[in-house]
Amino acid sequence: MDWLSEVNKRYRRNNQILFSKESEYLQDLRMLFEEQDHKTMVLWAMDFAAESVAVLETRYPLEKRPREALEAPWEWASGKIKMRYAQRKILDCHAFAKEAGCKEDVALCHAVGQACSVVHTAGHAIGYPAYDLTAIIHRYGIDACREAVESRKGEYVEKLFYWSGQTAITTRSWAAFLCQ
């Protein structure tokens, strides 16, 4: 089945998220993610989260929760704060989704939350594309989204390969739990 057919069914049912971690369209990404070390996935996810936060900040310049959700996991990943503080900031970003003005922004808030949660476990990484691609579909509309969605998926892979070569040379300090 073409990925757009699957998404179209969810779209017609008015589902909040149009992809799941089991979506056939995302399975090749899941396999690539599983081959990466945890630090690579953190770098990848936080890079994309920063893009989404920038979009949200242009639309909600007074709203601080997405930015705080982005900053806290970096501190957690470097061992400067404990998980509970970062978790609270991530959950606050998810809460902001309930206040966001449109379905695209709701999906972007959840995408940020999923990306920031990759510090906890790399398994959250697939949540970012699930929500980010949902946001793209809401931006372009179900009938005009194919090219944008497929292009974005290519960006995920491209950045993954970039970050997989950076963990050894990055000057970032890492908490012990990410070095195991």
Closest heavy-atom contact between [X] and [Y]?
| X | Y | value |
| --- | --- | --- |
| V112 | C93 | CG1-SG, 3.8 Å |
| P73 | E68 | CD-O, 4.5 Å |
| A130 | I17 | CB-CD1, 3.7 Å |
| H94 | G113 | NE2-CA, 3.5 Å |

Measure the shortest side-chain to side-chain distance between R152 and E147 over non-hydrogen atoms and say whether it is less than 4.5 angstrom.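 Sidechains of E147 and R152: no contact.
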Side-chain heavy-atom pair K89, E71 within 4.5 angstrom cut-off: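 No, every pair of side-chain atoms sits at 4.5 Å or beyond.
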Counting N and O atoms only, with roles assigned by atom type, does the side chain of [X] sit under 3.5 Å from a partner on the main chain of [Y], one being a donor and the other an acceptor?
| X | Y | answer |
| --- | --- | --- |
| T134 | L18 | yes |
| S20 | S23 | yes |
| S151 | A148 | no |
| E63 | R65 | yes |
| T40 | Q36 | no |
| H138 | A107 | no |
| H38 | V119 | yes |

Considering only NZ, NE, NH1 and NH2 on the basic side and carboxylate oxygens on the acidic side, decide whether E57 and K64 come within less than 4.0 Å. no
Lys/Arg-Asp/Glu bridge criterion (N-O < 4.0 Å) met for K153, E150: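 Answer for the salt bridge query: no.
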For the residue pair [X] and [Y], confirm or rule out a side-chain donor-acceptor distance under 3.5 Å.
| X | Y | answer |
| --- | --- | --- |
| N8 | S5 | no |
| Y25 | D2 | no |
| Q87 | W76 | no |
| S52 | Y128 | yes |
| Y60 | D105 | yes |

Check for me whether the distance between the ring centres of W44 and Y162 falls short of 6.0 Å.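 Aromatic pair excluded; centres sit 6.0 Å or further apart.
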With V53 as partner, the option from P66, C109, C116 fulfilling side-chain contact (heavy atoms from CB on, under 4.5 Å) is P66
M41 with F48, same ILVMFWY side-chain cluster at under 4.5 Å: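 Same cluster: M41 reaches F48 through Ile, Leu, Val, Met, Phe, Trp or Tyr contacts under 4.5 Å.
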